[in-house]
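Written out below as structure tokens is the structure these notes cover.
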2 protein chains.
Amino acid sequence: MARRKDHTREELKALILQSAWQIVEEQGLPQLTARNIGKAIGYVPGTIYNVFPSMEILQLHLNGITLQRLSDHLEKSSKATQGKPLEKRLQTLAKAYLNFAMEFQPQWMTLFAQDLSEIKDREQWYKDLINNMFSPLELILTDAQKSPASVRRKDQIRKDSQILWSSVHGITYLWMTGKLPITDIESQQNKKKNSQDWEYMVSRLINTYIAHWQNEK
Amino acid sequence: MARRKDHTREELKALILQSAWQIVEEQGLPQLTARNIGKAIGYVPGTIYNVFPSMEILQLHLNGITLQRLSDHLEKSSKATQGKPLEKRLQTLAKAYLNFAMEFQPQWMTLFAQDLSEIKDREQWYKDLINNMFSPLELILTDAQKSPASVRRKDQIRKDSQILWSSVHGITYLWMTGKLPITDIESQQNKKKNSQDWEYMVSRLINTYIAHWQNEK
DNA sequence: CCAAAATTATGAACATCGTTCAATATTTAG
DNA sequence: CTAAATATTGAACGATGTTCATAATTTTGG
């Protein structure tokens, strides 16, 4: 073997990540191994270490792709609801988040399977991706302001978007991973067919928050 | 070697779980291996498989202990605030959750590092533990009702407690794992000294929710 | 009380994992 | 065209979960 392939560094990197995306999607995170990736792209495991310093960093880059696609998905939802009432826009955005989580469940779960405490300092780009993810929500909240936003209001919006997002995420995560008490037995066997519980919880959360938000103005 | 020890099945089980708790606390989840446990309790790795069918199930039982301690902790907080205003009680309960998560961070993180989708059906006891964890919150919400609770109200309280809990958990989880945009740089280096962001977010969430709750009555 | 059956712990083995690195094959430079 | 630089390999190391025949110990039953 030992034949040098016609792949730029960047091409190889893209190839690896694309194959990683596919492996996680089809076989789950535990099968994301250097050997499986190598097998998929016609390289030996060691080659991957010429492109990524460790499997952990490779997974971080895979998460980066997932975050980027999620951001795009959310932004699309946000733009599609321009002009509609605040409540409707937030519900739609939350539903977009759930849809993404369900469609790409393994990749979405992988986002939370990694401990960032030791790498995040060196990987600023990843923090930027997280930040970007909040933009669509911040935009929606900003649009809902009638008077022009002051600096103080901008900070407040940033905070509120984080609260809302974390709450919706908490409901979505616990619901999807079966870590909430189950009310509907049937829904346990096929989550995709019954997101009633989720919808009720999220809509009530959003309505509550909006009511208070409108009062404050 | 091969000397049979003076340990009941149950004693050995307790010994293993106790040692597992300690290993996770001191060395983190990745060091929770059959070999490390064996070394700690003076047995060979294979012995553990006489008590637990797999490391995955062992970890589930460890999570059971964590859930039980968390429940106790929350119940204590709930009882300590009896008679106080609803808002105060919820803030205190949420703070109790954060305290537990910070004090036993590795064990608490382990709760969410496991995919339950394939085991939960066979392990009803674990679902019961999750259910129990909601009791203190449900009790607080029930106490806040002035008129006696109807059946409909009881269901509503159950739902509301799940919404509130999931939201607080979402904020806590994302905040603790560094998956939220950081506003305060200093807090990143030493979280224990600065939970300002967390406190602001949770208190605003709770206040908002309470305001709506009180209006409904 | 002792031999036979049942139980319990052992240690070696297997496949797989992340990772390293000297050796080899290929490309680039002079 | 030779020599330096680079890319890829394949073998190896230590560690993991798990299995299982073997050996050690306890229990049983006559």
Side-chain angles (χ1 to χ4, degrees), chain A residues 1-17 19-20 22-24 26-63 106 110 113-116 118-119 122-123, chain B residues 1-20 22-24 26-63 106 110 113-116 118-119 122:
Chain A
M1 316 226 169
R3 289 211 48 202
R4 209 140 149 196
K5 298 289 169 58
D6 313 70
H7 285 132
T8 312
R9 215 56 180 181
E10 288 308 311
E11 283 177 336
L12 194 51
K13 190 172 176 174
L15 212 63
I16 290 174
L17 288 177
S19 145
Q22 201 171 346
I23 289 173
V24 169
E26 294 171 358
Q27 308 171 251
L29 179 58
Q31 290 303 312
L32 183 64
T33 69
R35 286 169 177 84
N36 278 346
I37 294 176
K39 199 173 297 177
I41 64 174
Y43 280 86
V44 112
T47 302
I48 289 153
Y49 285 82
N50 293 345
V51 184
F52 295 102
S54 72
M55 287 301 292
E56 198 182 6
I57 298 294
L58 189 154
Q59 190 182 314
L60 188 73
H61 281 81
L62 175 63
N63 282 343
T110 302
Q114 194 164 38
D115 181 21
L116 297 176
E118 288 184 6
I119 15 178
R122 306 244 171 199
E123 310 280 350
Chain B
M1 317 221 170
R3 289 211 49 202
R4 210 141 146 195
K5 299 289 168 62
D6 315 68
H7 284 132
T8 313
R9 217 47 175 193
E10 289 308 311
E11 284 176 337
L12 194 50
K13 190 172 176 176
L15 213 62
I16 289 173
L17 288 176
Q18 176 185 329
S19 144
Q22 200 171 347
I23 288 173
V24 169
E26 294 170 359
Q27 307 171 252
L29 180 58
Q31 289 304 313
L32 184 64
T33 70
R35 286 169 176 83
N36 278 346
I37 293 176
K39 199 174 297 177
I41 64 175
Y43 280 86
V44 113
T47 301
I48 288 153
Y49 285 82
N50 294 346
V51 184
F52 295 102
S54 71
M55 287 301 291
E56 199 182 4
I57 297 293
L58 189 154
Q59 190 183 313
L60 188 73
H61 281 81
L62 175 62
N63 283 343
T110 302
Q114 192 163 39
D115 181 20
L116 297 177
E118 288 184 5
I119 14 177
R122 307 242 170 200

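Hydrogens, waters and symmetry mates are skipped; everything else that's a heavy atom, side chains included, is used. Chain identifiers are assigned alphabetically (A, B, ...) following the order of the sequence lines, protein sequences preceding nucleic acid strands; residue numbering begins at 1 within each chain.
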Return the value, rounded to whole Å, for the distance between atom [atom1] of [X] and atom [atom2] of [N].
{"X": "R9(B)", "N": "dT26(D)", "atom1": "CZ", "atom2": "C1'", "value": "13 Å"}
{"X": "H7(A)", "N": "dT9(D)", "atom1": "NE2", "atom2": "P", "value": "12 Å"}
{"X": "R35(B)", "N": "dC14(C)", "atom1": "CZ", "atom2": "C1'", "value": "11 Å"}
{"X": "I48(A)", "N": "dT20(C)", "atom1": "CD1", "atom2": "P", "value": "14 Å"}
{"X": "L32(B)", "N": "dG17(D)", "atom1": "CG", "atom2": "C1'", "value": "12 Å"}
{"X": "I23(A)", "N": "dC17(C)", "atom1": "CD1", "atom2": "P", "value": "11 Å"}
{"X": "I37(B)", "N": "dA9(C)", "atom1": "CD1", "atom2": "P", "value": "15 Å"}
{"X": "Q114(A)", "N": "dG18(C)", "atom1": "CD", "atom2": "C1'", "value": "15 Å"}

Ignoring hydrogens, what is the shortest heavy-atom contact between [X] and [Y]? Give both atom names and the distance.
{"X": "S54(A)", "Y": "Y49(A)", "result": "CA-CE2, 4.0 Å"}
{"X": "H61(B)", "Y": "L17(B)", "result": "CB-CD2, 3.9 Å"}
{"X": "G38(B)", "Y": "I48(B)", "result": "N-CD1, 3.8 Å"}

(message) With rounding to the nearest 0.5 angstrom, report the CG to NZ distance, N50(A) to K13(A).
(response)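 It comes to 13.5 Å.
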(request) Give, for atom OG1 of T47(A) and atom CD1 of I37(A), the distance between the pair rounded to the nearest 0.5 Å. (result)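 If we round to the nearest 0.5 Å, T47(A):OG1 and I37(A):CD1 are 11.5 Å apart.
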(request) With the side chain of Q31(A) defined as its heavy atoms from C-beta on, choose the nearest nucleotide among dT16(D), dC17(C), dG17(D). (result)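 From the listed options, dC17(C) comes nearest.
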(request) Could you work out which one of dT8(D), dG11(C), dA12(D) sits closest to the side chain of V44(B)? (result)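 Looking only at heavy atoms from C-beta outward on V44(B), the closest nucleotide is dG11(C).
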(request) Just call it for T47(A): base, sugar-phosphate, or nothing, with non-hydrogen atoms closer than 4.0 Å on any strand. (result)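 Base, at least one base atom sits under 4.0 Å.
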(request) Look at all strands and tell whether L58(B) reaches a base, only sugar-phosphate, or nothing, counting heavy atoms closer than 4.0 Å. (result)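 Counting heavy atoms under 4.0 Å across all strands, no contact is made by L58(B).
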(request) Applying side chain to side chain contact (heavy atoms under 4.5 Å, CB included), run through Q59(B) and V24(B) and close with a yes or a no. (result) CA-CA 10 Å; Q59(B) 190 183 313; V24(B) 169; over 6 Å; no
(request) List in chain and number order the residues that pass side chain to side chain donor-acceptor pair (under 3.5 Å) with E10(A), two or more places apart in sequence or in another chain; answer none if no residue qualifies. (result)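 Counting only residues at least two positions away or on another chain, E10(A) forms no side chain to side chain donor-acceptor pair (under 3.5 Å).
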(message) Using a strict heavy-atom distance below 4.0 Å, which residues from residues 49-57 of chain A are in contact with DNA chain D?
(response)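 The answer is N50(A).
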(request) Please determine if a side-chain N or O atom of Y43(A) lies less than 4.0 Å away from the OP1 or OP2 oxygen of dT9(D). (result)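 For dT9(D), neither OP1 nor OP2 has a side-chain N or O of Y43(A) closer than 4.0 Å.
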